[in-house]
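Here's the structure we're looking at; comments come further down.
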Amino acid sequence: MSELKVDTLTGKTTANDITVTVGASATMSLEQGLAKAWVNFNGTGTIVSRDSLNVSGLVDNGTGWYSVNFANSMDSSDYSSTGAGGGTSGIPLTKIPPTNVVYNTSGFQLQTLNTASQATLDTQIIGTQNFGDLA
């Protein structure tokens, strides 16, 4: 087995153009497959990040409503976000973005809901991941 150790990978033709083989023969862009931002935070009481990548801040907008701000903006508002919540009775569901909220390049909003009643609730463990292009 070979091992390659490097500090920096740069595409030969373009800096961010690195293709990797996935499976037997399929290829994909390495950059497209990487999360550009993620955060794990406590959404109860004073919200606080446990760990994150490319997240500059969190805002508590009220019960079950949160804003996540990026340290480095996304290239457009057409990125993909996913998330999950847990640790609160009522089996929370994370909704990204909440109804009638639009993504923006500097961050997004999310909402945690009780899956049975659909009422917003604060959640002890919330995790989100964002994929797309950085500006």
Side-chain angles (χ1 to χ4, degrees):
M1 172 184 276
S2 298
E3 181 178 353
L4 177 65
K5 293 183 178 183
V6 298
D7 291 325
T8 305
L9 290 174
T10 304
K12 183 177 177 182
T13 307
T14 306
N16 63 350
D17 185 22
I18 299 172
T19 303
V20 295
T21 302
V22 182
S25 62
T27 60
M28 68 175 281
S29 166
L30 178 63
E31 180 184 17
Q32 289 294 313
L34 299 174
K36 302 311 186 298
W38 60 265
V39 63
N40 176 309
F41 69 97
N42 180 352
T44 61
T46 301
I47 62 172
V48 62
S49 170
R50 292 182 184 92
D51 201 0
S52 67
L53 170 73
N54 193 30
V55 171
S56 62
L58 300 165
V59 178
D60 187 344
N61 299 316
T63 303
W65 288 82
Y66 311 94
S67 293
V68 177
N69 299 310
F70 299 135
N72 296 293
S73 295
M74 301 298 277
D75 186 45
S76 77
S77 59
D78 295 329
Y79 54 90
S80 174
S81 295
T82 187
T88 303
S89 61
I91 309 171
L93 164 73
T94 303
K95 187 175 182 182
I96 304 171
T99 307
N100 301 320
V101 175
V102 178
Y103 289 78
N104 63 58
T105 58
S106 61
F108 66 101
Q109 290 185 336
L110 64 97
Q111 175 181 37
T112 52
L113 305 169
N114 179 303
T115 54
S117 68
Q118 293 295 296
T120 57
L121 77 156
D122 286 345
T123 305
Q124 294 168 347
I125 301 169
I126 302 170
T128 69
Q129 306 79 40
N130 305 86
F131 295 86
D133 295 324
L134 291 175

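Reckoned from all heavy atoms, side chains included, excluding hydrogens, waters and symmetry mates.
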* **Hydrophobic cluster identity match, V55 and F41, side-chain contacts under 4.5 Å** => yes
* Asked: Between the side chain of Y66 and the main-chain N/O of F108, is any donor-acceptor distance below 3.5 Å?
  -> no
* Asked: When clusters are formed by joining ILVMFWY residues with side-chain heavy atoms under 4.5 Å apart, either directly or through shared neighbours, do Y79 and V39 land in the same one?
  -> yes
* Side-chain donor/acceptor of D122 to backbone N/O of G64, under 3.5 Å -> yes
* Distance, nearest 0.5 Å, that separates CD of Q109 from CG of N104 -> 8.5 Å
* Asked: Does a side-chain heavy-atom distance below 4.5 Å link L58 with V68?
  -> yes
* Main-chain N/O of K36 paired to N54 side chain as donor or acceptor, under 3.5 Å -> yes
* Asked: If we only count heavy atoms from C-beta on, is the D133 to M74 side-chain gap below 4.5 Å?
  -> no
* Nearest heavy-atom pair of R50 and N42: which atoms, and what distance? -> NH1-N, 3.4 Å
* Cluster overlap F131 with Y103, hydrophobic side-chain contacts below 4.5 Å -> no
* So, does T120 use its side chain to make a donor-acceptor pair with the main chain of T63 at under 3.5 Å? -> yes
* Asked: Could you go step by step and tell me if S81 and N130 meet the side chain to side chain donor-acceptor pair (under 3.5 Å) rule?
  -> CA-CA 4 Å; S81 295; N130 305 86; 2.5 Å; yes
* To do: Rounded to the nearest 0.5 Å, what's the gap from CG on N72 to OG1 on T105? Could you check?
  => 11.5 Å
* Asked: Would N40 and D51 count as a side chain to side chain donor-acceptor pair (under 3.5 Å) if you check the C-alpha gap in whole Å, the side-chain angles of each, and the deciding distance to 0.1 Å?
  -> CA-CA 6 Å; N40 176 309; D51 201 0; over 6 Å; no
* **Beyond-backbone contact of S67 with N61, side-chain heavy atoms, under 4.5 angstrom** => yes
* To do: Over all heavy atoms of both residues, which pair between S73 and S106 is shortest? Give the atoms and the distance, please.
  => OG-CA, 4.0 Å
* To do: May I ask you to decide if L121's main-chain N or O and T112's side chain share a donor-acceptor pair within less than 3.5 Å?
  => yes
